[in-house]
Amino acid sequence: MKQYNIAVIKGDGIGPEIVDEAIKVLNTVGKKRNIQFNYKEYLMGGCAYDKYADPLPQETLDGALKSDAVLFGAIGGYKWDNLPRDKRPESGLLRLRSGLDAFANLRPVKIYDELCEASTLKKEVVEGVDLMVVRELTGGIYFGKPRENLKDKAYNTMVYTKKEIQRIAKVAFEIAQKRRKKVCSVDKANVLEVSQLWRETVIEVSKNYPEVELTHMYVDNASMQLIRDPKQFDVILTGNIFGDILSDEASMISGSIGLLPSASMGGSVGLYEPIHGSAPDIAGLGKANPIATISSAGMMLKYSLGENEGAKLIDEAITKTLADGYRTGDISKYGAKKVCSTSEIGTIIANNI
Ligand code: IPM
Ligand code: MG
């Protein structure tokens, strides 16, 4: 029997409930595929701050680095909103991403046919959308120095080295090669020097991938094109903050932010998390949609553990569950035969494995 050690970081808000469902589904995959998952839980975010006055205790980073993959829920909440920046839950997550050197964040946007009507966009616009946002995750304005809040003025620095751009561009082109062979690089090269270097470097890297078509788009235009005609995109390659914004926007194509998974890779250990936050307003109520997290567990099987069959089982089980009309509240307006709680839908997905 194969065994994998999974570092589990449930986090804050709805984090624990959605991760529990992902574990339920993983265990069912394990039974079916003869795999044993050994889970070890670690604290990060507000819960870690409450216990250790540090949103990313060393033990968590060490544990993550020793694992085969990290499964993560969400962090943050009102309670910690007024802490100094380096104590906030979000700082814990940023330090974890950086500590794992998880510079390549893959955010696939796929529309489940059953949910075409759940999008606020027209069915004909969203039907068949299948794109991947490749977001640089450990650089850019999130990490750039100098940064400071001097109270009468504050600043951040958007900085990318050529190396950082090269390595994320390479990831995007390699993914595109296995898809529809199109990369659209998104920047703001008409205004920002950092984007000019981004664009020049992406063009250089593209020379190694002659079969992939490269286009460029300014981020303002890209945000418009994403809702005007999302089907034009295959792989969107972009920096940290633009990718943060565009991936939230892209999630609305699919109907709910509760559906979109992500994989963050680059270092020796991958990190898997839904793209959404901790939704403190519905925490503990059993209303959260666990599909993004379950689907992230599927990405973990595929990208970190090489268990492609298991990943396929998860995808198919989610699709069947939606096709059978089971929905959580966020997507319940359309085609719902039964509105389920977080754990109910998790169990149905697990049973469909
Ligand atoms: C995301 C989130 C994070 C980010 C926050 C929680 C720091 O919005 O994963 O998209 O900005 O990267
Ligand atoms: Mg975000």
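Since the structure is predicted, the reported quantities are computational estimates derived from the model, not experimental observations. Start at 1 and go down the list; that is how both ligands and their atoms are numbered.
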| request: Tell me, please, whether F233 has R179 positioned over its six-membered ring: NZ or CZ under 6.0 Å from the ring centre and within 45 degrees of its axis? | output: no

| Does K287 reach the side chain of I14, with side-chain heavy atoms less than 4.5 Å apart? | no

| message | One residue to check: R135. Relative to ligand 1, which of side chain, backbone, both or neither has a non-hydrogen atom less than 4.0 Å away? | response | side chain

| Just checking, is any N or O donor in the side chain of Y209 or E174 under 3.5 Å from an acceptor N or O on the other one? | yes

| Side chains of D12 and S278, donor plus acceptor under 3.5 Å | no

| Under 2.8 Å from the Mg ion (ligand 2), which protein N/O/S atoms are there? | D244 OD1

| note | atom 11 (O) of ligand 1: closest protein heavy atom, distance to 0.1 Å, is Y142 OH, 2.5 Å

| query | So, does T328 use its side chain to make a donor-acceptor pair with the main chain of N289 at under 3.5 Å? | reply | no

| request: Say whether, by atom type as modelled, one donor and one acceptor occur between the side chain of S119 and the main chain of L121 under 3.5 angstrom. | output: yes

| message | When you compare the side chains of Y142 and D244, does any donor N or O come within less than 3.5 Å of an acceptor on the partner? | response | yes

| Under 3.5 Å, is there a donor-acceptor pair between the S304 and Y272 side chains? | yes

| note | If you compare H276, R107, E273 by their heavy atoms, the one closest to atom 1 (C) of ligand 1 turns out to be R107

| remark: among protein heavy atoms, the one nearest atom 2 (C) of ligand 1 is D244 OD1, 4.0 Å

| field | atom 5 (C) of ligand 1 - nearest protein heavy atom and its distance | value | E90 CG, 4.4 Å

